[in-house]
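Here is the structure we will look at, set down as structure tokens.
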Amino acid sequence: MNYIQELNEQQKEAVLHIDGPLMIIAGAGSGKTKVLTTRIAYLLERGVDAFQILALTFTNKAAAEMKERITKILKNNEAKNLYMGTFHSVFAKILRFEADHLGYPKNFTIYDTDDAKSVLKQIIKAQGFDEKLYKVGFVYNRISTAKNNLIGPAEYAQDKDIQIEDARNNRPGIAGLYRDYVNQCYKNGAMDFDDILMNMYILLRKFPEVLAKYQHRFKYMMIDEYQDTNLAQYHIVKLLAAVHENICVVGDDAQSIYSFRGASMQNIFQYQKDYSDVHIIKLEQNYRSTKTILDAANHIINNNKNQIQKNLWTDNETGEKIKVSQSFSDNDEGKSVADFIIEQKLRNHYSNSDFAILYRTNAQSRSFEESLRRLNINYKIYGGMSFYQRKEIKDYVAYLRVLVNTQDEESVKRIINLPARGIGNTTLNRISLFANENNISFWDALMRIAEVGIKGATYTAIENFTLLIRTFQSELNIKNAYDVAMNLGKQSGLLPELHADKTVEGLARFENVETLLNSIKEFTETPDEEGELADKSLGSYLQQITLLTDADREDDDEATKDVVKLMTIHAAKGLEFPCVFVVGLEENIFPSAMSLYDRDDLEEERRLFYVAVTRAKKKLWITLAKNRYRFGTLVNNEPSRFVEELPSQMIEKNMLAAPNYGGSSVGSPPSLWGSKDGAFGNKAKQPQDKIIAQKKVVGVNAASTHQPSENFVATNPVNIQMGMRVEHQRFGFGKVVNVEGNAADKKAKIIFENGVGEKMMMLNFAKLMVVEGN
DNA sequence: TCGGAAATGTTTTTT
DNA sequence: ACATTTCCGA
């Protein structure tokens, strides 16, 4: 057990204390993951069966990494048998196994937020509410909050405080919407994210034999990020732990940043009251950051009133000062960050993957994408529009969902006329009416289409559609999931339609669908779990992918490995990087405009800033812009109050003096301020170009990162003709070899140089500049 | 029924 | 600025 010797005193104590309730208050960078993995390895080595350990983490990726580390320590494969994953993914597997207790099909669909809002929107319409007043997002949040607090539709309608609040908000109808929404999801055989927690709780409360089974099974439990659990999660954990009470929770009140999802720090304080002899260990030595960064972080968090006292310290070097840099506009902010990265790479031999750019909202990523692309720096954005939210993927997934669960009306409606089969809204409404009158599901109404009174071409189209689905349902029993999914795509016309689209965007969509098919193959053909919850069917696959975060998707191919990472601060939680840029430090952005008038909200923003700062190991930049584009117009922004809270002796500040010009940003060329919108105008150009010239190819795919000409102006599509030499901003130079269609539908076939090859482009969208031949 | 044009809303944060 | 939704003519 040599691995235990590597730990400090507190860490060791946390690992060796295995029986009874344990709470670990783990400061940022204090080796929390190391303690958790070592503790599990120690349990396994002491002879505890892996099947008896439940470990709930924040992301699936964190769980996978921990399994890997445990495997390395123990040099065996036992870690594979741990019950380890996010609350949602572990509970979804249990619910799948126990589905019949609650009257759900085993292959129940899991709705993501978009699916759920779509269902809810139809209910708001059906009840005749004004959609401006009853905005889907607002109603959805009310329902979500209720579920996270274990308040069902009946209790919601009876709760005086809730009813008073809805009445005051002029939306007394939410209780009725909640009721119908829950009923509709149940009819659809579907659960949304919150249902997974709520139904898990109901399962354990309503079926004592099920509760007893899992209480007995999970002899040891570990809960990571405990400060971010909500009431539903708290009660589930408490129920499961009630027999053995071998429950270890790990958290840090200073990093509680999910109250909008119902998370409550109260769970940390309540924990100490729930068990008789709670052992508390504080991990206070930080191994991650420089003294400067850690001191600044401590300074920031001390502005908060609500916190558990602790003294986070480090033995690490003092390090460099934190650089604070203000730019004229959001575009200039993007440029300055890209310049800092280039400079650091040259001077200190950092690689792209050493840098992270962290922002408050996803919408802020744009200016950084642009500037990084301009300087040929490879990057990857985490979050935002995830892979599984893309239209082509959602469409394909909807087909597969219907295959395993025809009761899922939402998915049936999504694909019934996709590709277009001549089944329009009028037809759908008639079928819905028939289904309601006869109290049957939408799908069952489709199966009885003759009785609905629909004739002719539409009738045939519907018959063909249901036949298609039923044919592939039976195929699922004899062929593997990949073949069925692939053939369904071909037969339905979905794949041929995607394949026919030879535009750049169309090709990307087709590639995405190929990626989806490959992931089905990989999932169903890789048996990496044992036990009763292990299930490699298509139904199981569909349930798991909805619960995947962008961070969970592995960075597979080499080209995407050495990249600058862009993400929200929320998404960066639990991660660390040598060099960190925390950007957009402006009032109304960070802290967010929504949080300015409430102490608790503002303190959560400050904790968020604390999380951002403590991601950095070596170097930290804080940037802000004086002006920023918002809905297309430039607006003025005051520096964030958080900038003022930074201790002056630890920072190197470079703010703009006069309104439109002034000091240069730290360590970058003064000419940055030459162009108003940061579009790398003529005046600002030279210094960066020199750097590019020296450092041109840094693991960059030259084919897709053409540097556009300085004077690039797209030519009007009507003037583009065969034989011309043209330039594309991304693909570089090429020759037009064919032109077809006209006006809005004009397409051109272009053969590009430098290995990019032949592309069919829709001229209305592709911006091309004629270089020669006009 | 369907496609393009016009109007409208969008920005917290995530499972 | 951009994406989504609604409107309108064929």
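Letters A, B, ... are given to chains in the order of the sequence lines, protein chains preceding strands, and every chain is numbered from 1. Just so it is clear, the model here is predicted, and its values are computed rather than measured.
Ring orientation note: the planes of A/His570 and A/Phe260 are nearly perpendicular, at an angle over 60° on the 30°/60° scale.
The residue from A/Ser259, A/Ser595, A/Ser256 that alone fulfils the side-chain hydrogen bond (donor to acceptor under 3.5 Å, both in side chains) condition with A/Glu604 is A/Ser259.
Distance from the side chain of A/Phe193 is smallest for B/dT15 among the nucleotides B/dG9, B/dC2, B/dT15. Closest to the A/His88 side chain, of the nucleotides B/dT14, B/dT15, B/dT1, is B/dT15. Distances were taken from every side-chain heavy atom of A/Thr113 (C-beta onward) to each of B/dT15, B/dT13, B/dT11; the shortest belongs to B/dT15. Comparing atom distances between the A/Lys132 side chain and each of B/dT1, B/dT15, B/dG9 picks out B/dG9 as nearest. Each of B/dT15, C/dA1, B/dT1 was ranked by its minimum atom distance to the side chain of A/Phe631; first place goes to C/dA1. When each of B/dT13, B/dT11, B/dT15 is scored by its nearest atom to the side-chain atoms of A/Phe260, the top-ranked nucleotide is B/dT13. Side-chain proximity of A/Thr568 to B/dT15, B/dT10, B/dT14: nearest is B/dT14.
Under the 3.5 Å distance criterion, the side-chain polar atoms of A/Asn405 are left unmatched by any main-chain donor or acceptor of A/Gly539.
Residue-level contact check: A/Tyr258 touches the backbone only, with heavy atoms under 4.0 Å from sugar-phosphate atoms and none from bases. Within the nucleic acid shown, A/Arg630 comes within 4.0 Å of at least one base atom, counting heavy atoms only. Residue contacts shown for A/Ala420 are limited to sugar-phosphate atoms, with no base heavy atom under 4.0 Å away. When heavy atoms are screened at a 4.0 angstrom cut-off, A/Asn425 is found touching the sugar-phosphate backbone but no base atom. Contact annotation for A/Asp194: no contact, since no heavy-atom pair falls under 4.0 Å across all strands.
Between the CD atom of A/Gln233 and the C1' atom of B/dT14 there is a distance of 12 Å, given to the nearest Å. Per the geometry, CG belonging to A/Leu95 stands 14 Å off C1' belonging to B/dT15, to the nearest Å. For the pair A/Asp192 CG and B/dT14 C1', the interatomic distance rounds to 13 Å; values are reported in whole Å. Going from atom CZ of A/Arg390 over to atom P of C/dA3 covers 13 Å, rounded to whole Å. In this entry the distance linking CG of A/Asn141 with P of B/dT13 reads 12 Å, nearest Å. Atom CG in A/Leu548 sits about 15 Å away from atom P in B/dT14, given to the nearest Å. Separating the CG atom of A/Asp112 from the P atom of B/dT15 is a distance of 12 Å, rounded to the nearest angstrom. What separates CZ of A/Phe590 from P of B/dT13 is a distance of 13 Å, to the nearest Å.
Within the 4.0 Å cut-off from OP1 or OP2 of B/dT11, not a single side-chain nitrogen or oxygen of A/Asn588 is found. Side-chain nitrogen and oxygen atoms of A/Thr427 include at least one within less than 4.0 Å of the OP1 or OP2 phosphate oxygen of B/dT1. In this structure, A/Thr426 reaches the B/dT1 phosphate: one of its side-chain N or O atoms is under 4.0 Å from OP1 or OP2. Contact between the side-chain N/O atoms of A/Asn417 and the OP1/OP2 oxygens of B/dC2 is found at a separation under 4.0 Å.
Inspection of the A/Ser144 and A/Asp194 side chains reveals an N or O donor paired with an N or O acceptor under 3.5 Å. A donor and an acceptor atom, one from each side chain of A/Asp192 and A/Tyr140, are nowhere located under 3.5 Å apart.
A/Ser371 and A/Gly334 make their closest contact through OG-O, 2.8 Å (heavy atoms, listed as atom of the first residue, atom of the second, distance).
Of the two residues near DNA chain B, A/Thr361 and A/Gly424, the one whose nearest nucleotide lies more 5' is A/Gly424. Between A/Ile423 and A/His570, the residue anchored closer to the 5' end of DNA chain B is A/Ile423, taking for each the nucleotide with the nearest heavy atom.
Within the 4.5 Å cutoff, no side-chain heavy atoms of A/Leu542 are placed close to those of A/Thr546.
For the C1' atoms, the distance linking B/dT13 with C/dT4 amounts to 22 Å, nearest Å.
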